[in-house]
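These notes concern the structure reproduced below.
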Amino acid sequence: MGVIWLAGLSAAAAFAGGMLAHWAWRVLLGMKPKIIPRPVSPPPALELPIYQGVRAHDFVSSNDQGAFGEALTALMMASQGWTVLNGKPGAGPQGIDGIFVRPEGSLWRACLIETKTNQSQYATRQMERSKLMGNLDSLYVTNSDPALAALYEAIHDGLRDNAPWVSLALWRHQLGSGLTQITPLDGSGAPNGPVRTVKSDLMMQGLASGLSDIDRKRLYWAGGSSRSADPSSPEQS
């Protein structure tokens, strides 16, 4: 029995040595060892849930719905490489909804945005050049960061000189449909070009999910409330 066991062990060792030598020769000759790929099962056929929309009754107040729209604008602009600057000198809502800057080569561009959500009313005076310059003056004098103050001053001067690197726009988020309408504005706050519509439903869903996790005391977000929304009534912010 011992002889048979030793013979078997020798045969196994010889086989393993032969296989190792075979692979070694293939590597030395620059030949890749043949590896039989394992079959991969195809991914299952899945269907994404239909976008249900963010409704007015998901928010505690209409002001919170407006703040959600401004946060959505900031999120969408940041995803395109824009840096978000504070546009409000105080704790209240007064000021510029969104100030964004982005480097382009050795230069940079600035974009000032007024955000509206659903059917909220827009007035041209909200984005009129002199009003925006006054907001930037307030931001300049109340800011303690020299670099940021210099940015506010540069944007102010660009607006004053009607510089092409400063642009104005109105963004309107339709939370029910998951669409955002972007309208370029001139220095008087009036529309100045064609309206561009972009899909923003994924951004809306992501922001709503994050807000729901953060606002656990439901101070601002009442998403999942049992109250039903009337789809025929306009949602204000």
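If you're wondering where the values come from, they're calculated on a predicted model, not measured in any experiment. Below, all heavy atoms of this structure are taken into account, side chains as well, without hydrogens, waters or symmetry copies.
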Quiz prompt | Test log, rule side-chain contact (heavy atoms from CB on, under 4.5 Å), inputs Leu170 and Tyr122 | solution = CA-CA 9 Å; Leu170 168 66; Tyr122 168 70; 3.9 Å; yes
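- In this structure, Pro194 and Pro184 approach most closely via the heavy-atom pair O-CD, 3.3 Å.
- The list of salt bridge (Lys or Arg N to Asp or Glu O under 4.0 Å) pairs with a residue in residues 60-73, not counting sequence neighbours, reads Glu70-Lys88.
- For the residue pair His173 and Thr73, a side-chain donor N or O sits within less than 3.5 Å of a side-chain acceptor on the partner.
- Under a cut-off of 6.0 angstrom, the local environment of CG in Leu219 is crowded, with over 12 non-hydrogen atoms contributed by other residues, nucleotides or ligands.
- Atom CZ of Arg196 and atom OG1 of Thr180 lie 10.0 Å apart (nearest 0.5 Å).
- With rounding to the nearest 0.5 angstrom, the CG atom of Asp213 is 11.0 Å from the CH2 atom of Trp221.
- Across every non-hydrogen atom of Pro89 and Thr142, the tightest pair is CB-OG1, 3.9 Å.
- Looking at heavy atoms from C-beta onward, Lys199 lies out of side-chain contact with Ser177 at the 4.5 angstrom threshold.
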Quiz item: After noting the C-alpha distance and the side-chain angles of Gln52 and Gln205, does the key distance pass the side-chain contact (heavy atoms from CB on, under 4.5 Å) rule?
Solution: CA-CA 9 Å; Gln52 299 297 320; Gln205 287 178 315; over 6 Å; no
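- Leu72 is not connected to Ile99 by any chain of hydrophobic side-chain contacts under 4.5 Å among Ile, Leu, Val, Met, Phe, Trp and Tyr, and they are in different clusters.
- Closest of all the heavy-atom pairs between Ile113 and Phe100 is CD1-CE1, 3.7 Å.
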Practice problem: Quick one: do Asn118 and Gln65 satisfy side-chain contact (heavy atoms from CB on, under 4.5 Å)? Show the steps, please. | Solution: CA-CA 9 Å; Asn118 295 324; Gln65 180 178 264; 3.5 Å; yes
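- In this view, Leu148 and Leu85, Asn143, Asp145, Leu151, Tyr152 satisfy the side chain to side chain contact (heavy atoms under 4.5 Å, CB included) rule, not counting sequence neighbours.
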Quiz item: Taking it one step at a time, do Asp58 and Arg55 satisfy salt bridge (charged side-chain N to carboxylate O under 4.0 Å, His left out)?
Solution: CA-CA 5 Å; Asp58 289 331; Arg55 306 298 178 182; over 6 Å; no
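- At a threshold of 4.5 Å between side-chain heavy atoms, the hydrophobic network of Ile, Leu, Val, Met, Phe, Trp and Tyr places Met77 and Trp108 in two separate groups.
- Phe59 has its ring centre no less than 6.0 Å from the ring centre of Tyr220.
- Separation of atoms CH2 (Trp171) and CD1 (Ile182) is listed at 4.0 Å; rounding is to 0.5 Å.
- Around CZ of Arg102, the count of heavy atoms belonging to other residues, nucleotides or ligands within 6.0 Å exceeds 12.
- Under the 4.5 Å side-chain contact rule for hydrophobic residues, Leu202 and Val198 do not share a cluster.
- Between atom OG of residue Ser209 and atom CE of residue Met204 there is a gap of 15.0 Å, rounded to the nearest 0.5 Å.
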Show every donor-acceptor pair shorter than 3.5 Å between a side-chain atom in residues 129-139 and any protein atom, with sequence neighbours excluded, or say none if there are none.
residue : atom : partner : partner atom : Å
Arg129  : NE   : Leu159  : O            : 2.9
Arg129  : NH2  : Asn162  : OD1          : 3.2
Ser130  : OG   : Glu128  : OE1          : 2.1
Ser130  : OG   : Glu128  : OE2          : 3.4
Lys131  : NZ   : Gly95   : O            : 3.1
Lys131  : NZ   : Gln126  : O            : 3.3
Lys131  : NZ   : Asn135  : OD1          : 2.9
Asp137  : OD1  : His156  : NE2          : 3.4
Ser138  : OG   : Gly134  : O            : 3.3

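- Here the shortest heavy-atom pairing between Trp82 and Arg109 reads CZ3-O, 3.7 Å.
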Exercise. With side-chain hydrogen bond (donor to acceptor under 3.5 Å, both in side chains) as the test, would you mind laying out the steps for Ser188 and Asp186 before giving the verdict?
Key: CA-CA 5 Å; Ser188 68; Asp186 62 18; 2.7 Å; yes
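- There is no side-chain donor-acceptor pair under 3.5 Å between Arg172 and Thr197.
- Distance check, rounded to the nearest 0.5 Å: OG1 of Thr115 to CE of Met76 gives 10.0 Å.
- Residue Leu168 is not grouped with residue Val195 when hydrophobic side chains (ILVMFWY) are merged at heavy-atom distances under 4.5 angstrom, including chains of intermediate members.
- Residues Val166 and Val101 share a hydrophobic cluster, clusters being chains of Ile/Leu/Val/Met/Phe/Trp/Tyr side chains in contact below 4.5 Å.
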Practice problem: Carefully, step by step, assess Leu175 and Phe68 under the rule side-chain contact (heavy atoms from CB on, under 4.5 Å). | Solution: CA-CA 10 Å; Leu175 302 184; Phe68 179 91; 4.0 Å; yes
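- In this structure, Leu185 CG and Thr124 OG1 are separated by 9.5 Å, a value rounded to the nearest 0.5 Å.
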